[in-house]
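To start, the structure itself, in structure tokens.
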Amino acid sequence: MLPNLHVQARFGMIPNLAGAMALSPVLIKSFVPIFDQVHGGGFTEGQIQTVLLTDAVTNGSTWAVALHTALGLKAGVAQDDIEAIRAGRSPSERKLGALSQIARTMIEKRDRLADQDIERFLAAGFTRDLLLEVIAIVAASTITNYTGSITNPPLEQSLRVHAWNA
């Protein structure tokens, strides 16, 4: 399946960011497989959206914050937890808090995690293989966050209610 058709099938439309990504066939063809892997792994959709929203906030990607706010709410992440992430804080739910914290730490420390960062993640009930899976989610979000920051796509009407300023 062509990358934009694949994206359209997943979202029911081609998001403005995907349209921007399609300007580079290498970029869009690289993104689609990692997107599929991230959404087919060991985390729930709410957990994935927690990481993606945390990454978007940490990277200051306004388009991605709006999208992952909407998708996080749709996946059942509590409004209070979404608001905490958007404000740069960890969610109060234990596992989501651990996920958000490890994702933010990976970005801020450029993956140079301290032993206590890893132990905190594991203590929340996650396993080492899921810690490695977080790397894939961060990689996928880096592609979208950087693309959004460089191309500055307009925010879709349906996402404007979730607009965010870095």
Quiz item: salt bridge (charged side-chain N to carboxylate O under 4.0 Å, His left out): which pairs involve residues 125-146, sequence neighbours left out?
Solution: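 Listed once each, the pairs are E119-R128.
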Self-check item: Contact list for residues 64-89, test salt bridge (charged side-chain N to carboxylate O under 4.0 Å, His left out), sequence neighbours left out
Solution: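 The answer is none; no pair qualifies.
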Practice problem: Please work out whether the ring planes of F126 and F121 are parallel, tilted or perpendicular, with thresholds of 30° and 60°. | Solution: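 The rings of F126 and F121 lie parallel, inter-plane angle below 30°.
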For residues [X] and [Y], determine if any side-chain heavy atom of one lies less than 4.5 Å from a side-chain heavy atom of the other.
X	Y	answer
P91	I85	yes
V51	F43	no
I143	Y146	no
N145	W63	no
T54	T58	yes
T127	L131	no

Can you name the side-chain contact (heavy atoms from CB on, under 4.5 Å) partners of [X], sequence neighbours left out?
X	value
Q157	R160
I135	M106, L132
A66	L155, L159, H162

Exercise. Specify the closest pair of heavy atoms between V77 and G46, including all atoms of both residues, with the distance to one decimal.
Key: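 Residues V77 and G46, closest heavy atoms: CG2-O, 3.5 Å.
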Quiz prompt | Minimal non-hydrogen separation, S149 against G60, with atom names | solution =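 So the minimum-distance heavy-atom pair works out to OG-O, 4.4 Å.
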Quiz item: Is there a donor-acceptor contact under 3.5 Å from the side chain of S141 to the main chain of V138?
Solution: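 Yes: the side chain of S141 pairs with the backbone of V138.
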Quiz item: Counting only N and O atoms by type, is there a donor-acceptor contact under 3.5 Å from the side chain of E108 to the main-chain atoms of T105?
Solution: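 No: the side chain of E108 does not pair with the backbone of T105.
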Practice problem: State whether R104 and D55 are salt-bridged, where the test is any N-O pair (Lys NZ or Arg NE/NH1/NH2 against Asp/Glu carboxylate O) under 4.0 Å. | Solution: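 D55 and R104: not salt-bridged.
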Using a 3.5 Å cut-off and no angle test, enumerate the donor-acceptor pairs between side-chain atoms of residues 12-25 and protein atoms at least two apart in sequence or in another chain.
unit_1 : atom_1 : unit_2 : atom_2 : d
N16    : ND2    : P154   : O      : 2.7
N16    : ND2    : E156   : OE2    : 3.4
S24    : OG     : L27    : N      : 3.2

Rounded distance (nearest 0.5 Å) linking atom [atom1] of [X] with atom [atom2] of [Y]:
X	Y	atom1	atom2	result
T50	L96	OG1	CG	4.0 Å
I102	I137	CD1	CD1	12.0 Å
N59	T142	CG	OG1	6.0 Å
S61	W164	OG	CH2	8.0 Å
L52	L67	CG	CG	8.5 Å
R120	Q101	CZ	CD	4.5 Å

Practice problem: Go through the steps for D117 and K109 under the test side chain to side chain contact (heavy atoms under 4.5 Å, CB included), then give the verdict. | Solution: CA-CA 11 Å; D117 297 324; K109 291 185 175 181; 3.0 Å; yes
